[in-house]
Amino acid sequence: MDQLTLQLGDRVAAGGDALGRLPDGRVVFCEGGLPGETVRIELVAQRRDFARARVVAVDGPSPERVVAPCPHARAGCGGCQWQHLAVDAQLRHKVEVVADSWRRLARMEPPGGPPPRQVDPGGYRTTLRLAVDGDGRPAYRHRHSNGTVAPDHCLVAHPLLEELISGVRLRPGRPPERPAGRGRGQRDPRAPEIGLRVGVAGGERLVVPSGGAVVVEAPVDAVVVGPKTEAHLHEDVGGRRWQVGGRSFFQSGPQAAGLLAETVSAAAGPLAASDTLVDLYAGVGLLGGVAAARAGCRLVAVESSPGAAADAAANLADLDAEVFAGEVEVWEPVPADVVIADPARSGLGRAGVAAVASTGAGRVVLVSCDPASCARDAALLRDAGYGATSMAILDLFPHTFHMEVVTAFERP
Ligand SMILES: C[S@@+](CC[C@H](N)C(=O)[O-])C[C@H]1O[C@@H](n2cnc3c(N)ncnc32)[C@H](O)[C@@H]1O
């Protein structure tokens, strides 16, 4: 394949690639490149308005470039995308990606706020979702092929989890039929996958197969969570113990959960005992639970996953709390003083913003894991009368391009 030499621009895109321009003027997303570098690239996809490329050689490296600390990342493991970028520079680029998204998509400057923060970059993950390789081992997908990388060590996995990765063997179930309409490059939801989870506080280890994967070997202490069997892990965060079901959402690890819960509580501002706090997309009740327990105020949590809603009900049982197990879109809004909303990657959208606004809350704390949906939701909230007052950017997934943005909004 032909190689091209390019001078890369000064920023990265939200998906982690450095941006450059092809001789014909099209933007090219360069995987493996860093801003300001002179690189040789190979085009891997071409569209009318843009192209995608892979960096095959770096002729003029950025001062931010480092040797990826993990040998699997150097060999193409797709688990981390940014190991070649110095850890402190990762945080700086995440901040720039958020500001750029707000300017382009919301036509707004992001508000100021506390300095960005990052969890420890090694051993922070307590949950992983992996593919299954031909030998039945849990494996990351390869960055540049349909292959997999089965890690013996994983830089970002908690030691308890790392041990579980190498102790589990699986047999893929019947090959799934390809669902109609599924295009190239989209992951088949029925491909064999394995969720591996550990509880640092409780010491539990859970194996959660999906897509027909069958567990044939696991350490004796590990519990296999099946369609009809549930198991829980436990974490200590914000001065409370949290029960988390095998399929319930939890942050990347307890340190991340603690940092996020602290940041959200600070953004929620002082709550009075007479206030009502609403926590939308509440998961196991973490963010609203930490804030409401401190204030002694009433809490209404809304969560669509039945398992996570059951965990939330158990976790919040000692508080003045009510859990609505259903979708935000069908929940009947109640009057609230403050709303916390932590939607999935697609963001609040119009329906979520309508639910937030219907509570009449004067303050909203939006937690976004995608910079584009963060900017779009900010614009929708602005149209609903909410102005952004502060923003905190957290790196809960070092060595990847993922970030968490906590934005506070107020409406007179
Ligand atoms: C990003 S997680 C946040 C969970 C929680 N705030 C935490 O920090 O642990 C989003 C949660 O929203 C739930 N969810 C997704 N769509 C939803 C909807 N339409 N209505 C209510 N909950 C939803 C998911 O099941 C998931 O638990």
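Note that these values count all heavy atoms, side chains included, but never hydrogens, waters or copies made by symmetry. All ligand and atom numbering here is 1-based and tracks the order in the structure.
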For ligand 1, what N or O to protein N or O distances fall under 3.5 Å?
unit_1: ligand 1; atom_1: 6 (N); unit_2: Y281; atom_2: O; d: 3.1
unit_1: ligand 1; atom_1: 6 (N); unit_2: D342; atom_2: OD2; d: 2.9
unit_1: ligand 1; atom_1: 8 (O); unit_2: Q251; atom_2: NE2; d: 2.7
unit_1: ligand 1; atom_1: 8 (O); unit_2: D342; atom_2: OD2; d: 3.2
unit_1: ligand 1; atom_1: 14 (N); unit_2: S304; atom_2: OG; d: 3.4
unit_1: ligand 1; atom_1: 19 (N); unit_2: E329; atom_2: OE1; d: 2.9
unit_1: ligand 1; atom_1: 20 (N); unit_2: V328; atom_2: N; d: 2.9
unit_1: ligand 1; atom_1: 22 (N); unit_2: S304; atom_2: N; d: 3.1
unit_1: ligand 1; atom_1: 22 (N); unit_2: S304; atom_2: OG; d: 3.3
unit_1: ligand 1; atom_1: 25 (O); unit_2: E303; atom_2: OE2; d: 2.6
unit_1: ligand 1; atom_1: 27 (O); unit_2: E303; atom_2: OE1; d: 2.9
unit_1: ligand 1; atom_1: 27 (O); unit_2: E303; atom_2: OE2; d: 3.2

Just wondering, more than 12 heavy atoms not from D88 lying within 6.0 Å of its CG?
yes

Identified side-chain contact (heavy atoms from CB on, under 4.5 Å) partner of L396 from the options Q255, Q251, H402:
Q251

May I ask you to establish whether R240 and W242 are in a cation-pi arrangement, using a distance under 6.0 Å from NZ or CZ to the six-membered ring centre and at most 45° from the ring axis?
yes

Between R52 and E42, does any side-chain N to carboxylate O distance fall below 4.0 Å?
no

Lys/Arg-Asp/Glu bridge criterion (N-O < 4.0 Å) met for E163, R205
yes

Listed by chain and number, what are the side-chain hydrogen bond (donor to acceptor under 3.5 Å, both in side chains) partners of H158, not counting sequence neighbours?
none

